[in-house]
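Naming: A, B, ... by sequence-line order, numbering from 1 per chain.
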Number of protein chains: 2
Amino acid sequence: MTEVTLKEVARASGCSVATVSRVLGGTRPVGPEIALRVKEAAERLGYRPNQVARALRSRSTGTIGLVLPQITNPFFPSLVREVEHALHAEGRALLLADCNDDPTTEAARITALLDRQVDALLVIPVDEKHSRDAVATAAARVPMVLLDRGCGTGVADLVATDNASGMALVLEHLAATGRRRVCFVGASGCDTAAVERLAAYEAGAASLDPEAPGRVELGDFSLEWGRAAVDRILPFRPDAVVCANDLIAVGALQRLRQLGVDVPGEIAVTGFDDIPMAGLADPALTTVRQPVRELAAEAAQLLGSRLAGQTDGPRRSVRLAPELVVRASSAPRAPSAQDAGSTPTPEEDQ
Amino acid sequence: MTEVTLKEVARASGCSVATVSRVLGGTRPVGPEIALRVKEAAERLGYRPNQVARALRSRSTGTIGLVLPQITNPFFPSLVREVEHALHAEGRALLLADCNDDPTTEAARITALLDRQVDALLVIPVDEKHSRDAVATAAARVPMVLLDRGCGTGVADLVATDNASGMALVLEHLAATGRRRVCFVGASGCDTAAVERLAAYEAGAASLDPEAPGRVELGDFSLEWGRAAVDRILPFRPDAVVCANDLIAVGALQRLRQLGVDVPGEIAVTGFDDIPMAGLADPALTTVRQPVRELAAEAAQLLGSRLAGQTDGPRRSVRLAPELVVRASSAPRAPSAQDAGSTPTPEEDQ
DNA sequence: ATTTTTCTGGAGAACGATTTCCCAGGCGTT
DNA sequence: AACGCCTGGGAAATCGTTCTCCAGAAAAAT
């Protein structure tokens, strides 16, 4: 019933532990008949190498830590899933830490994982500024890849979606479908997703309609904020509401429906992320799909190359292009001319 | 830059590694002045005990493995979150494994975690039958607690929601609000959640209306099935649709809305789990809230007691009572008498 | 035939902590 | 004063691997 160790396999096959280790690990050539005896004995006894002992000796646990703000954020589960699969495919395991959107616990989780001798860290930082210290000191000790969100510059490698081009896709789409008075509902948070999407919106919106830049409202990445923001932007009579993520957008949709506003007839609504809920909203939400699988694969590969010795190259920053998913919430307006009172756009009822 | 070890602390404080270990671990009393020297040196050097070495010696990694079917199933993230917090609160870490709803990869993940010397396993089994072998053999090696779903009897400890009483709450509620022709949309899967909820429905529905047992349709735990199932039960003109989980229910709501059926006016819809999406559906979904935090806490505590030596007691099975969350989707019908044709219930318009 | 290289296998030292065993004093008892 | 007990501390074994030496034999080169 007790654990089968190398020593027992050695005894059973009549040779030394060194030889057994060599046979099983393929480290050095071993005579064919002894190799066979060893393999048989190991098989027969059901030997499984003790990863802890192996880790102690080889100074590598084969474990990767993943620290994220909140697993309950609906964008993360699919990301976690892909990361887990990518890591398991190379024989590594995933230590998961949820830090409740709090930089302090984030720091605590990071040191806890370092104490456990993780080979590397994947971190989705909570806050661009407040996460920085913990991330930087940790990055000095193990390879670290930031995922989905950045954390200052030059602190660690980064794999993230190209928020700017995603937002540009949204604005082009809205422009192409005749929307002119666009508002933005974003988050005032200090994570890079919030910052970059806002910046990209402002850049794009300015070029879209220079003299009448859209109204910008900032709250947090929540459904409740989406609902509340609608009441604050409605007086500006927008014909499109660009939201910084899908949760906000779904909240906005709910409130608009409650107020009897026609979406997409009067107002188009767009999100960002393409969480599962987006396709199920009513109307289905036009959004920007993050390349989740590719993000995970890229992060895993980058991590792998850092672990394989490329530990001192320059910091890499990989941006993956997202994809626009057009759904009902931004469908072109039927020529109902219902909103002729506010901003008459003569070319729309040709 | 290199790792600070016990030996270095010993040298810096002028005593042996044994003494340092005793001071820091509090294993045995040590003279006050030496203890102080040691603590100062450890602090000054920034000593952090190497958990791998500690694990090898003490035969305990402080790591718990969690194996679940699919992290993307919207019920699981909150459960994972609570489990993670409960474990971290006692200084343990969580190794996460997602097995893609496949019993074969589930078995592979379990052995991978065992090879990593996890102290115990938390498993949400994919399938009551096909998961059994892997779970049973693993349970023979480490403490194991099944979470949310069972896996045969007597295989391992179990902490789960009392599905039967949850379903009973739903049926009582529907009966109390005057629903008579109830249909059930469930899952034909072999996990205990599906089985128990179906069984409880059949028991409760029979006692509710003995001569006209409701129609039962079985598919899987998905939104798509919820949509499809609506078309199959509508010919039976139900006034309530009980769904085995929230995903099915939300799918059903969508299809019913598409067909122009009034919910809850004509038909009430209920779900199970209370995933975040439930409160956001339109109409908001009446459902059964699983006590997620309590499930996690109970599982962690049970695991703790097993790890503390209670390894040979009888298998425990803990069932936690869920809570009915009444929302709009099952509101009592306004006395509009719109459905007078199907099942006239004279007492409802008093 | 002798020297050098290669090749195979074993003995044993790490890895970094915990823990057992042992020893040197200090104190109390007879 | 002698003996035993208790206390505080160090030396060393241990956990299960990996890996570096080292020794002997066989093969190759001189």
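Of the residues in residues 41-60 of chain B, those placing a heavy atom less than 4.0 Å from an atom of DNA chain D are B:Leu56, B:Arg57, B:Arg59, in numerical order. DNA chain C lies under 4.0 Å from at least one heavy atom of each of the following residues of residues 7-17 of chain A: A:Cys15, A:Ser16.
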For A:Glu128 and A:Thr192, run side-chain hydrogen bond (donor to acceptor under 3.5 Å, both in side chains): C-alpha distance rounded to whole Å, both residues' side-chain angles, the deciding distance at 0.1 Å, then the answer.
-> CA-CA 6 Å; A:Glu128 180 163 24; A:Thr192 48; 5.7 Å; no
Decide yes or no on side-chain hydrogen bond (donor to acceptor under 3.5 Å, both in side chains) for B:Thr61 and B:Gln117, but give the supporting numbers first.
-> CA-CA 7 Å; B:Thr61 55; B:Gln117 310 289 120; over 6 Å; no
Report the C-alpha distance between A:Ser60 and A:Asp119 in whole Å, list the side-chain angles of each, state the deciding distance to 0.1 Å, and finish with yes or no for side-chain hydrogen bond (donor to acceptor under 3.5 Å, both in side chains).
-> CA-CA 6 Å; A:Ser60 155; A:Asp119 287 348; 3.0 Å; yes
Would you please test B:Arg315 and B:Asp157 for salt bridge (Lys or Arg N to Asp or Glu O under 4.0 Å) and show each step?
-> CA-CA 5 Å; B:Arg315 303 287 189 212; B:Asp157 293 325; 5.2 Å; no
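Here the C1' atom of nucleotide D:dC15 and the CD atom of B:Gln117 are 11 Å apart, to the nearest Å. Residue B:Ile34 contributes atom CD1, which lies 4 Å from atom P of D:dG9 at whole-angstrom precision. Per the geometry, CZ belonging to B:Arg37 stands 13 Å off C1' belonging to D:dG8, to the nearest Å. Atom CZ of A:Arg22 and atom C1' of C:dC7 are 11 Å apart (whole Å). Residue B:Glu33 contributes atom CD, which lies 10 Å from atom P of D:dG8 at whole-angstrom precision. One interatomic measurement links the two molecules: CG of A:Asp115 to P of C:dG16, which rounds to 15 Å at whole-angstrom precision. In this structure, A:Arg28 atom CZ and C:dG9 atom P are separated by 9 Å, rounded to whole Å. Protein atom CG of B:Leu6 is 9 Å distant from nucleotide atom C1' of C:dT18, rounded to whole Å.
The shortest non-hydrogen separation linking A:Gly150 to A:Pro125 is O-CG, 3.4 Å.
The residues B:Glu84 and A:Arg109 are annotated as salt-bridged, a charged nitrogen and a carboxylate oxygen being separated by less than 4.0 angstrom. We find that B:Arg141 and A:Glu3 are joined by a salt bridge, their nearest charged nitrogen and carboxylate oxygen being less than 4.0 Å apart.
The phosphate of C:dT18 has OP1 or OP2 within less than 4.0 Å of a side-chain N or O from B:Ser21. OP1 or OP2 of D:dG9 has not a single side-chain nitrogen or oxygen of B:Thr19 nearer than 4.0 Å.
Comparing A:Thr27 and B:Val30 by the nucleotide of DNA chain D whose heavy atom lies nearest to each, the residue mapping closer to the 5' end is B:Val30.
Between B:Leu6 and the options B:Val20, B:Thr19, B:Asn50, a side chain to side chain contact (heavy atoms under 4.5 Å, CB included) holds for only B:Val20.
Of the possible polar contacts, none joining the A:Arg116 side chain to the A:Gly65 backbone as a donor-acceptor pair under 3.5 Å is found.
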